[in-house]
Amino acid sequence: MSKRAYFVTTPIYYISGNPHIGHAYTSIAADVLARYHRTLGPTFFLTGTDEHGQKVEQAAREAGFDPQAWTDALIPKWKALYAAYDVGYDDFIRTTETRHTTQVVAVFERLKETGDVYLGTYEGWYCTNDETFWLESKLIDGRCPNPECGRAVQWLSEENWFFALSKYRDRLVAYYRAHPEWVRPERAYNEMMSTLEGGLDDLCISRVNLDWGVPLPGGGVMYVWLDALLNYLTALDYASDGERFRTFWPPNVQLIGKEIARFHTIIWPAVLFALGLETPNVVFAHGWITLEGEKMSKSRGNVVDPFELVERFGSDTIRYFLLREAHFGSDFSFGEEKVRLRRNGDLGNDLGNLVKRSLAMLARYRNGRIPAAAPSALGARFADLGARTGALVERLAFRDALEAVWEFVTALNRAIEEQKPWELHKRGDDAALDAVLYDLCEGIRWLAHLTFPFMPATARGMWTQLGLAGEPAGAWSDELVWGRLASGAQTAPAEAALFPRLDASVA
RNA sequence: GGCUCGGUAGCUCAGCGGUAGAGCGGGGGACUCAUAAGCCCUAGGUCGCAGGUUCGAAUCCUGCCCGAGUCACCA
């Protein structure tokens with residue numbers, strides 16, 4: 001059974017401001033999937049930035065920059081976010097790159113040829129101040145409904161390009177019915193299905209009153225959302241039928257925030273239908289991080305700075321927290337005290353202390369050398385742990401996966417209490433002592449593999465302390481076989497704890 | 001307003017037709033290898049409210065109350 005190549009994407013992030021914790025959240029989840037799948041076969045993890053559109057242009061002008069110079073200046077900060085959280089993407093695409101814009105135009109031409117893109121007239125009430133078309137029904141006393149504007153609107157009629165979205169409505173409905181799990185979680189699927197049942201209008205995909213976008217032949221620029229969606233194709237060299245495209249299309253998992261589900265689960269598959277391409281296996285709309293139950297927003301002044309956070313707690317602690325605290329599809333409330341409790345509890349007391357006490361006893365009783373393996377009840381009991389955890393990761397059930405791993409952590413701690421190596425040593429029961437110590441080392445090796453996608457730095461730390469070279473790699477089904485840890489090797493326990501205790505003043 | 005999702009032990013949540021569960025916090029205990037960590041024991045909550053279906057309902061149906069989301073941009 002050959003394992004197909006794995007392709008995972010995040011949305012390309014709209015670069016109108018600085019990155020925040022939500023961007024880190026999505027990126028970390030994608031990174032976990034990518035790291036896990038790299039143990040199984042060829043994997044491609046794509047992310048990037050969405051740099052066109054009115055808001056970016058406006059922000060740039062206000063800062064006294066030309067839009068390109070402005071986005072160029074912001075990019076390092078975005079890339080720094082990935083570095084800070086150990087997110088290892090395979091490609092980072094910017095919609096202002098030539099490789100993207102040329103392909104966008106090629107797609108546009110192709111859709112014109114198939115008749116899915118046509119020239120039409122866009123009419124509506126337009127507010128020049130907001131540069132927005134408003135529906136008649138939204139107007140308040142015939143004026144702009146934006147409470148901060150309220151200016152008079154004018155009837156405008158523009159010639160524009162349209163995408164024949166309505167034509168694909170029935171096919172989308174049929175597709176949804178045939179693939180009930182293609183949009184997840186179920187909540188998102190249901191919402192999008194009801195949107196579809198409400199009917200679809202064709203989509204205006206060009207903007208004549210905007211300069212900052214991909215220029216279309218004959219004038220105007222492409223609607224920023226279509227431009228953005230196409231990144232998933234252009235990054236793979238779709239237009240030239242590149243090697244990447246042939247290897248990795250279609251995406252296995254596309255992660256999105258729930259607010260952009262409509263674009264990714266209605267417009268996007270319709271575009272792919274029009275292009276005659278396969279659709280993604282799964283579009284997963286994850287939940288929002290709220291702060292003490294409230295939505296984060298600049299106006300509330302409760303935005304969590306991801307850089308400050310990682311500096312205080314460390315990348316692995318935040319990565320673990322974000323994926324362990326709530327189910328991936330649900331919203332959850334962020335709080336620094338919660339982070340601290342996870343850090344000191346799960347990570348410090350359970351995992352970090354387990355590694356430290358195990359290797360300390362090995363050093364004290366066996367000069368740090370890994371003893372010979374013996375038949376192990378523990379190994380037998382957890383024989384399916386790799387398979388179970390892997391299945392959960394593949395389903396994006398990160399929380400359940402980590403819970404499964406922590407059951408193992410608890411079992412190892414319990415094994416120490418039950419076997420009491422210190423008593424075995426006093427009693428001179430060498431066989432029993434060797435057996436426990438081996439189990440502990442082998443357990444730590446397993447934990448290094450299992451935690452690697454989630455906490456790469458910590459996993460490497462455990463690996464190195466066991467005296468192993470490199471880093472945890474290879475499929476769990478091959479590596480998580482009890483007894484693979486070679487005996488006789490010299491361990492290298494670290495002086496420093498994996499997760500030093502943080503007192504309340506830190507958080 | 002339409003639609004969606006929630007309301008279960010102090011907190012975060014699981015359970016989703018068969019006499020209430022986990023983790024954390026709190027309380028108690030025995031130990032000492034370890035980051036005053038770990039391990040063991042301990043939670044008596046009318047499962048939002050009111051009806052209904054059923055031999056039997058957190059679990060299905062109806063109504064109501066409360067909270068959140070979504071229907072325009074936003075991970």
Side-chain angles (χ1 to χ4, degrees), chain A residues 10-14 16-17 19-30 47 50 53-55 130 132-135 138 145-146 185-195 197-198 224-225 255-263 285-290 293-298 306 322 324-327 329-333 335 337-338 341-365 399-400 403 406-407 409-410 412-425 433 436-437 440 493 496-502:
Chain A
T10 71
I12 50 174
Y13 304 117
Y14 201 61
S16 64
H20 63 90
I21 189 69
H23 300 110
Y25 184 43
T26 316
S27 304
I28 288 165
T47 189
D50 178 9
Q54 188 180 299
K55 280 190 193 165
D130 286 4
T132 307
F133 278 97
W134 296 101
L135 289 174
K138 293 271 181 189
N146 179 347
E186 199 180 353
R187 193 176 312 150
Y189 174 93
N190 291 338
E191 279 198 9
M192 290 307 119
M193 192 57 162
S194 71
T195 300
E197 280 160 355
V224 64
W225 256 107
L255 297 179
I256 59 170
K258 60 187 180 178
E259 74 293 338
I260 55 176
R262 188 183 144 79
F263 296 97
H286 68 243
W288 285 83
I289 301 169
T290 62
E294 291 209 327
K295 186 169 169 174
M296 284 186 214
S297 71
K298 280 185 186 163
L322 291 176
R324 174 66 182 77
E325 186 69 12
H327 288 106
S330 317
D331 287 358
F332 76 103
S333 170
E337 180 61 11
K338 292 181 183 175
L341 289 173
R342 288 281 177 203
R343 155 60 175 252
N344 285 342
D346 299 3
L347 296 177
N349 298 346
D350 296 346
L351 177 61
N353 187 45
L354 168 68
V355 171
K356 188 149 196 197
R357 66 198 299 214
S358 300
L359 294 182
M361 287 189 283
L362 185 70
R364 179 180 298 200
Y365 305 138
R399 179 188 215 241
D400 296 339
E403 261 172 10
W406 251 254
E407 275 172 30
V409 171
T410 297
L412 289 166
N413 273 317
R414 187 178 295 135
I416 295 176
E417 305 298 336
E418 285 169 355
Q419 301 292 316
K420 299 183 174 44
W422 49 96
E423 285 186 7
L424 297 175
H425 176 252
L433 182 56
V436 200
L437 294 176
L440 292 173
L498 239 28
F499 294 99
R501 183 170 194 80
L502 298 178

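First the proteins, then the strands, lettered A, B, ... as listed; each starts at 1.
Inter-residue side-chain proximity for A:Glu191 and A:Lys258 is flagged as unmet; no heavy-atom pair is nearer than 4.5 Å.
Contact annotation for A:Tyr189: no contact, since no heavy-atom pair falls under 4.0 Å across all strands. Using a 4.0 Å heavy-atom distance criterion, A:Gly22 is classed as a base contact. Within the nucleic acid shown, A:Ile256 comes within 4.0 Å of sugar-phosphate atoms alone, with no base atom in reach, counting heavy atoms only. No contact: A:Pro421 has no heavy atom under 4.0 Å from any strand. Note on A:Arg399: only backbone sugar-phosphate atoms sit closer than 4.0 angstrom, heavy atoms only; bases stay farther off. Counting non-hydrogen atoms under 4.0 angstrom, A:His425 reaches nothing in the nucleic acid.
In terms of position on RNA chain B, the residue among A:Asp346 and A:Ile260 whose nearest nucleotide sits closer to the 5' end is A:Asp346.
Between A:His286 and A:Tyr25, the two ring planes are perpendicular [angle over 60°; tilted spans 30° to 60°].
For the P atoms, the distance linking B:C64 with B:C74 amounts to 34 Å, nearest Å. Separation of the C1' atoms belonging to B:A9 and B:G23 is 12 Å when rounded to the nearest angstrom. If you take atom C1' in B:G52 and the same atom in B:U59, they sit 15 Å apart, rounded to whole Å. Rounded to whole Å, the C1' atom of B:G6 lies 14 Å from the corresponding atom of B:C47. Separating the P atom of B:G17 from that of B:G7 is a span of 15 Å, rounded to the nearest Å. B:G25 sits 14 Å from B:C40 when the P atoms are compared, rounded to a whole Å. Straight-line distance between the P atoms of B:G15 and B:G48: roughly 15 Å, to the nearest whole Å. Between B:U8 and B:U46, the distance separating the two P atoms is 12 Å to the nearest Å.
With sequence neighbours excluded, the residues forming a salt bridge (Lys or Arg N to Asp or Glu O under 4.0 Å) with A:Glu325 are A:Arg342, listed by chain and number. Qualifying ring-ring contact (aromatic ring centres under 6.0 Å, His included) partners for A:His327, counting only residues two or more places apart in sequence or in other chains: none. Listed by chain and number, the residues in a ring-ring contact (aromatic ring centres under 6.0 Å, His included) with A:Tyr14 amount to none (sequence neighbours excluded).
Going from atom NZ of A:Lys55 over to atom P of B:A72 covers 14 Å, rounded to whole Å. Note: NE2 (A:His327) to P (B:A14) measures 6 Å, nearest angstrom. The distance from atom CZ of A:Arg262 to atom C1' of B:C73 is 13 Å, rounded to the nearest whole Å. Separating the CG atom of A:Asp400 from the C1' atom of B:A22 is a distance of 12 Å, rounded to the nearest angstrom. For the pair A:Arg187 CZ and B:A68 P, the computed distance is 16 Å after rounding to whole Å. The CD-C1' distance, from A:Glu407 to B:A14, rounds to 13 Å in whole Å. Atom CZ in A:Arg342 sits about 8 Å away from atom C1' in B:U12, given to the nearest Å. What separates CD of A:Glu191 from P of B:G2 is a distance of 16 Å, to the nearest Å.
Once rounded to the nearest 0.5 Å, the distance linking CZ of A:Arg343 with CG of A:Leu341 reads 12.5 Å. If you take CH2 on A:Trp225 and CG on A:Asp50, they are separated by 7.0 Å, rounding to the nearest 0.5 Å.
Looking only at distances, a side-chain donor or acceptor of A:Asn344 sits under 3.5 Å from a matching main-chain atom of A:Leu502.
Around atom CZ of A:Arg262, no more than 12 heavy atoms belonging to other residues, nucleotides or ligands sit under 6.0 Å away.
Base orientation of B:A58: syn (glycosidic angle within 90° of 0).
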Side-chain donor-acceptor contacts of residues 352-363 of chain A below 3.5 Å, not counting sequence neighbours, with atom names and distances?
{"unit_1": "A:Lys356", "atom_1": "NZ", "unit_2": "A:Glu495", "atom_2": "O", "d": "3.3"}
{"unit_1": "A:Arg357", "atom_1": "NH1", "unit_2": "A:Asn413", "atom_2": "OD1", "d": "2.8"}
{"unit_1": "A:Arg357", "atom_1": "NH2", "unit_2": "A:Glu417", "atom_2": "OE2", "d": "2.8"}
{"unit_1": "A:Ser358", "atom_1": "OG", "unit_2": "A:Leu354", "atom_2": "O", "d": "2.6"}

Dot-bracket for RNA chain B, please, read 5' to 3', with Watson-Crick or G-U wobble pairs under 3.5 Å on both distances, ( ) within the strand, [ ] crossing, | other strand, . unpaired.
((((((((.[[[[.)..(..]]]].((((.........)))).....[[[[[..)....]]]]])))))))....
Take nucleotides 31-43 of chain B nucleotide by nucleotide from the 5' end and write B, S or -, depending on whether a protein heavy atom sits under 4.0 Å from the base, only from the sugar-phosphate, or from neither.
-SBBB-SBSS---
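When all heavy atoms of A:Tyr13 and A:Ser27 are compared, the pair lying nearest together is OH-OG, 2.8 Å.
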